[in-house]
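Every chain is numbered from 1, with letters handed out A, B, ... down the list of sequences.
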There are 2 protein chains.
Amino acid sequence: MSEQAAPSPQLSRGEFGLLILGLLGRREMYGYEIVAELRRSSEGAIDLPEGTVYPALRRLERDGLIGGHWVDVVGGAPRRRYYRLTEQGERALAAGREDWLRFKSAADAVLGS
Amino acid sequence: MSEQAAPSPQLSRGEFGLLILGLLGRREMYGYEIVAELRRSSEGAIDLPEGTVYPALRRLERDGLIGGHWVDVVGGAPRRRYYRLTEQGERALAAGREDWLRFKSAADAVLGS
DNA sequence: GGCGACTACCTAGCGACTCTAGGTACTCAG
DNA sequence: CTGAGTACCTAGAGTCGCTAGGTAGTCGCC
């Protein structure tokens, strides 16, 4: 290992980034859609403002975990930037899922629910 | 409202603080012990450095969620600062547990585990 | 023709948190 | 006398989340 710095030694950092990766693991999506889809598929429990999501998408792209491309929409609607996982992003998602499972049961043990 | 700022609109902020509250909900503990106990009861999954825990304890005390008192130890060992939950801390822990449950199932839905 | 609502993107800057990397001070074993 | 253990602490850097704006176009409504 150590071909690259581990991004989440402790989870907690980049947690929302992981959720975005989770969504993009299902299908290609654009920022505005991610905000809505996150709210919908979490039944309102996770409601990230745009000012959180757009910078997160830029970080994920900067770090090579996702790739984006512009798509023009017919009918004068604003163009969209669609993102999909890169191969590195797939691996990060898989690792992140494991981290999440570990963290979840650890936190459950501590919180005693 | 605004008798006091809501501390966790989205979880994620003060998550480790919540874990500390969870431990202190079981019994009085001191900082150094919390580090070890967190590592032990999470089976190594959560391993916070002292530089994270001590400032977190100070914040929690500053915010009135925990109260600390010094205890001298016989035998020349360093004195310890034991912390226990205040009433406000108990309430915060209960609310935090609910937040955690909501966040957990939301994240599970998104990550699809 | 003007107003609000919606889609879709973006950024600067504040505040908050985590962690690194030290430091203090004392005890005990070898 | 060196190292390991206990137990506390802090400054500073880096990162992240969110507020609060802004741009720009379309659409429906009165």
Summarise protein proximity over nucleotides 2-10 of chain D in one line of letters, 5' to 3': B for base, S for sugar-phosphate only, - for none, counting protein heavy atoms closer than 4.0 Å.
----BBBBB
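Residues passing the side chain to side chain contact (heavy atoms under 4.5 Å, CB included) test with B:Thr86 are B:Gln88, sequence neighbours excluded. Contacts of B:Arg79 classified as side chain to side chain contact (heavy atoms under 4.5 Å, CB included), with partners at least two apart in sequence or in another chain: B:Trp70, B:Asp72. Scored by the salt bridge (Lys or Arg N to Asp or Glu O under 4.0 Å) test, B:Arg81 finds B:Glu61 as partners (sequence neighbours excluded).
Atom CZ in B:Arg59 sits roughly 16 Å away from atom P in C:dG15 (whole-Å rounding). Spacing between atom CD1 of A:Ile34 and atom P of C:dT7 amounts to 16 Å, rounded to whole angstrom units. Rounding to whole angstrom units, CZ of residue A:Phe103 and P of C:dT18 are separated by 10 Å. When rounded to the nearest whole Å, the span between CD of B:Glu15 and P of C:dA16 equals 18 Å. Distance CG (A:Leu48) to P (D:dC16): 14 Å, rounded to an integer number of Å. Taking atom CG of residue A:Leu60 and atom P of nucleotide D:dT15, one finds them 14 Å apart after rounding to whole Å. A:Met29 has its CE atom 14 Å from the P atom of C:dT7, to the nearest Å.
Residue pairs that meet the ring-ring contact (aromatic ring centres under 6.0 Å, His included) test with at least one member in residues 37-66 of chain A, sequence neighbours left out, do not exist here.
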Please report, to 0.1 Å, the donor-acceptor pairs under 3.5 Å made by any side chain of residues 18-26 of chain A, with sequence neighbours excluded.
unit_1: A:Arg26; atom_1: NH1; unit_2: B:Ala109; atom_2: O; d: 3.4
unit_1: A:Arg26; atom_1: NH1; unit_2: B:Val110; atom_2: O; d: 3.2

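Counting only heavy atoms from C-beta outward, the side chains of B:Arg27 and B:Tyr82 never approach each other to under 4.5 Å.
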